[in-house]
Amino acid sequence: MTVKKDFWVLLSIFILPIAIGTLFFYLNPTYFSQNTVNYGELIRPVITTEKVDIEFEDDATFNGFWTLAYASKNCDRICEQAVADIKTIRTLINMDMRRIQRVLITEDGSLPMVSDENLLIAKVTNEKLAAKLAEFPENSIFLIDPIGNFMLYYNSKDINIKFVLKDLKRLLKYSRIG
């Protein structure tokens, strides 16, 4: 009789935690996804792009690089400050700065007053993508993965460079691409 009792105790030791974990997961589906460690706002669902959706001035692409992109209708004083901020962020990332590129996306094609040879200039050519980007706050800074997906955004008016650096360092540490 003790053999059967021991068998059921051992079986319950292995199956009970799995059953409780599964039950908890299905009864509280948002428990694991509501607390994130990133400081930027996740874009859900991720905005995917194709090569023809964004037209660069030269032969640049998103492929292979993490991209900090500033998107706005025109380049004004806020735009110039945001461009300076993403330049500072890229510089402060130190060893991994070769994995990051900077892009300015404006609707009217305006440029910042200070010229910067490493700043890529782009324009959205797809109306669907332009409509999706218009849903976000004006003057947003986007983080684009090496495949071309818009995945995180920051409001440039209240951006904290330290928080963006923490997000980027974490992404670059665990990323195998870019």
Side-chain angles (χ1 to χ4, degrees), residues 36-94 96-173 175 177-178:
T36 59
V37 294
N38 56 303
Y39 296 102
E41 295 293 323
L42 287 173
I43 298 174
R44 293 183 186 168
V46 171
I47 300 172
T48 58
T49 61
E50 299 294 326
K51 189 173 184 175
V52 295
D53 292 343
I54 296 179
E55 179 182 309
F56 288 91
E57 277 190 357
D58 44 354
D59 293 334
T61 63
F62 290 132
N63 293 341
F65 293 100
W66 288 92
T67 305
L68 284 170
Y70 176 76
S72 180
K73 292 181 181 175
N74 58 6
C75 196
D76 54 2
R77 183 185 55 79
I78 297 171
C79 166
E80 291 187 16
Q81 180 61 42
V83 168
D85 286 345
I86 61 175
K87 182 176 183 176
T88 303
I89 291 166
R90 184 176 181 267
T91 304
L92 289 175
I93 207 71
N94 202 5
D96 288 325
M97 74 184 287
R98 62 179 171 70
R99 297 173 66 187
I100 300 171
Q101 65 183 359
R102 300 175 298 124
V103 175
L104 173 64
I105 302 172
T106 56
E107 289 181 16
D108 64 356
S110 59
L111 300 173
M113 295 289 189
V114 179
S115 65
D116 185 356
E117 64 275 353
N118 293 327
L119 180 67
L120 302 173
I121 309 299
K123 187 175 186 179
V124 176
T125 57
N126 185 340
E127 292 181 17
K128 290 181 181 179
L129 178 60
K132 287 181 183 178
L133 293 179
E135 295 174 5
F136 295 96
E138 180 67 24
N139 304 319
S140 292
I141 295 175
F142 293 95
L143 180 62
I144 305 169
D145 68 8
I147 304 170
N149 299 324
F150 285 72
M151 56 177 284
L152 250 148
Y153 79 94
Y154 302 89
N155 192 344
S156 67
K157 293 177 183 172
D158 58 347
I159 192 168
N160 188 338
I161 292 175
K162 290 179 183 178
F163 292 154
V164 179
L165 274 173
K166 286 182 180 181
D167 281 350
L168 272 174
K169 284 181 181 180
R170 188 175 304 114
L171 275 171
L172 294 174
K173 179 180 178 182
S175 172
I177 56 176

Fill in: Nearest heavy atoms of Glu138 and Asn155, plus distance in Å
O-OD1, 4.1 Å

Discussion item. Between Asn74 and Thr106, is there a side-chain heavy-atom distance shorter than 4.5 Å?
Written reply: no

Please report, to 0.1 Å, the donor-acceptor pairs under 3.5 Å made by any side chain of residues 51-60, with sequence neighbours excluded.
{"residue": "Asp53", "atom": "OD1", "partner": "Asn126", "partner atom": "ND2", "Å": "2.9"}
{"residue": "Asp53", "atom": "OD2", "partner": "Glu50", "partner atom": "N", "Å": "2.8"}

Discussion item. For a side chain to side chain donor-acceptor pair (under 3.5 Å) check, start with the C-alpha distance between Ser72 and Asn139, then their side-chain angles and the critical distance, and finish with the verdict.
Written reply: CA-CA 5 Å; Ser72 180; Asn139 304 319; 3.0 Å; yes

Practice prompt. Report yes if some heavy atom in the side chain of Trp66 is under 4.5 Å from a heavy atom in the side chain of Pro146; otherwise report no.
Written response: yes

Worksheet item: Residues in salt bridge (Lys or Arg N to Asp or Glu O under 4.0 Å) with Arg90, at least two apart?
Response: none

Discussion item. Taking the side chain as everything from C-beta on, heavy atoms only, tell me whether Asp167 gets closer than 4.5 Å to Arg170.
Written reply: yes

Worksheet entry | Spacing of CG belonging to Leu120 relative to CG belonging to Leu68, to within rounding of 0.5 Å | 11.5 Å

Fill in: Ser156 side chain near Ile141 side chain, heavy-atom distance below 4.5 Å
yes

Worksheet item: Minimum heavy-atom separation for Arg99 to Ile177, with atom names?
Response: NH2-O, 3.7 Å

Worksheet entry | Minimal non-hydrogen separation, Met97 against Thr91, with atom names | CE-CA, 4.4 Å

Worksheet entry | Nearest atoms (heavy-atom pairs only) where Asn63 meets Ile147 | OD1-O, 3.9 Å

Fill in: By ring pair (Phe, Tyr, Trp, His ring centres under 6.0 Å) - contacts of Phe150 (at least two apart)
Phe142

Worksheet item: Between Asn149 and Ile144, is a side-chain contact (heavy atoms from CB on, under 4.5 Å) present by the stated rule, with each step listed?
Response: CA-CA 5 Å; Asn149 299 324; Ile144 305 169; 5.7 Å; no

Fill in: OH (Tyr153) with more than 12 external heavy atoms under 6.0 Å
yes

Response to the item:
Tightest non-hydrogen contact, residues Gly40 and Tyr154, listed as CA-CE2, 3.2 Å

Worksheet item: Are the side chains of Leu171 and Leu143 in touch, meaning some heavy atoms are under 4.5 Å apart?
Response: yes

Distance-only donor-acceptor pairs under 3.5 Å for side chains of residues 79-87, two or more places apart:
{"residue": "Glu80", "atom": "OE2", "partner": "Met113", "partner atom": "N", "Å": "3.1"}
{"residue": "Gln81", "atom": "NE2", "partner": "Asp85", "partner atom": "OD1", "Å": "3.0"}

Practice prompt. With the side chain counted from C-beta on, respond yes when Asn160 and Tyr39 share a heavy-atom pair under 4.5 Å apart, and no when they do not.
Written response: no

Worksheet entry | Inter-residue atom distance Ile161.CD1 - Leu92.CG, 0.5 Å rounding | 7.0 Å

Worksheet entry | Backbone N/O of Gly64 and side chain of Gln101: donor-acceptor pair under 3.5 Å | no

Worksheet item: What residues form a salt bridge (Lys or Arg N to Asp or Glu O under 4.0 Å) with Asp76, not counting sequence neighbours?
Response: none

Practice prompt. Using a 4.5 Å cut-off on heavy atoms from C-beta on, say whether the side chain of Val103 contacts that of Ile105.
Written response: yes

Fill in: Which residues share a salt bridge (Lys or Arg N to Asp or Glu O under 4.0 Å) with Asp145, sequence neighbours left out
none

Discussion item. How long is the straight-line distance from CG of Asp116 back to CG of Leu111, given to the nearest 0.5 Å?
Written reply: 11.0 Å

Discussion item. Could you check whether any side-chain heavy atom of Tyr70 comes within less than 4.5 Å of a side-chain heavy atom of Ile78, counting everything from C-beta outward?
Written reply: yes

Discussion item. Tell me the closest heavy-atom pair linking Ser140 and Pro137, and the distance in Å.
Written reply: OG-O, 2.5 Å

